[in-house]
Amino acid sequence: MGHGPEAQARRKATRPAGDTISAEAKRTRLAARVQDLTILAATEWLDHPDRERSFLRGYGRGLTSAERHALRCLTALDAANCLAWGPDNGDPEVTARGRRTLNRLLKEDRP
């Protein structure tokens, strides 16, 4: 949609009074937001648990057990995707992220 004055006018025109979410945010796909959260959980939050706490504080609540389980499953899918895509595309950073995530998930499963 753009970022200039015309785009701002369109955003205002599409928002009912008191609505705090922009029209663009309402049209974004949920999958993109979930994917971003998954990548945060598989990267930044591992080395910086304080960032996870800050994110959840800003979110307004912790994750439910069902959401934590879903996030764990999504990080496993992300690891598989990294391990499939990284080597084929010569991207050692993505490949390393996939290995690291998979190793962490396997360690969590051990008694």
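Quick note: numbers below take in every heavy atom, side chains included, and nothing from hydrogens, waters or symmetry partners. Given the structure is predicted, the values throughout are model-derived calculations rather than measurements.
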Run the side-chain contact (heavy atoms from CB on, under 4.5 Å) test on R99 and L83 for me, step by step, so that the C-alpha distance in whole Å, both residues' side-chain angles and the decisive distance to 0.1 Å come before the verdict. CA-CA 7 Å; R99 283 192 186 117; L83 293 171; 3.6 Å; yes
Does E52 come within less than 4.0 Å of R57, counting only side-chain N to carboxylate O? no
Report yes if some heavy atom in the side chain of E67 is under 4.5 Å from a heavy atom in the side chain of T64; otherwise report no. yes
For the side chain of N89 and the backbone of W85, is there at least one donor-acceptor N/O pair under 3.5 Å apart? yes
Is it true that D47 and R100 make a salt bridge, defined as a side-chain N closer than 4.0 Å to a carboxylate O? yes
Considering non-hydrogen atoms only, spot the tightest contact between C82 and G98 and give its length. CB-CA, 3.6 Å
Could you tell me whether E108 and R104 make a salt bridge, using a distance below 4.0 angstrom between a side-chain N and a carboxylate O? yes
Show which side-chain atoms of residues 37-44 pair as donor or acceptor with protein atoms under 3.5 Å away, not counting sequence neighbours.
| from | atom 1 | to | atom 2 | distance (Å) |
| --- | --- | --- | --- | --- |
| T38 | OG1 | V34 | O | 2.9 |
| T43 | OG1 | I39 | O | 2.6 |
| E44 | OE1 | R51 | NH1 | 2.1 |

Should the heavy atoms of other residues, nucleotides or ligands under 6.0 Å from NE2 of H48 be counted, would the total exceed 12? yes
For the CG atom of D91 and the CZ atom of R97, what is their distance to the nearest 0.5 Å? 9.5 Å
Check whether more than 12 heavy atoms from other residues, nucleotides or ligands sit under 6.0 Å from atom CZ of R72, and answer yes or no. yes
Looking at OG1 of T75 and CH2 of W45, how far apart are the two atoms once the value is rounded to the nearest 0.5 Å? 11.0 Å
To the nearest 0.5 Å, atom CG of D78 lies from atom CG of L102 at 11.0 Å
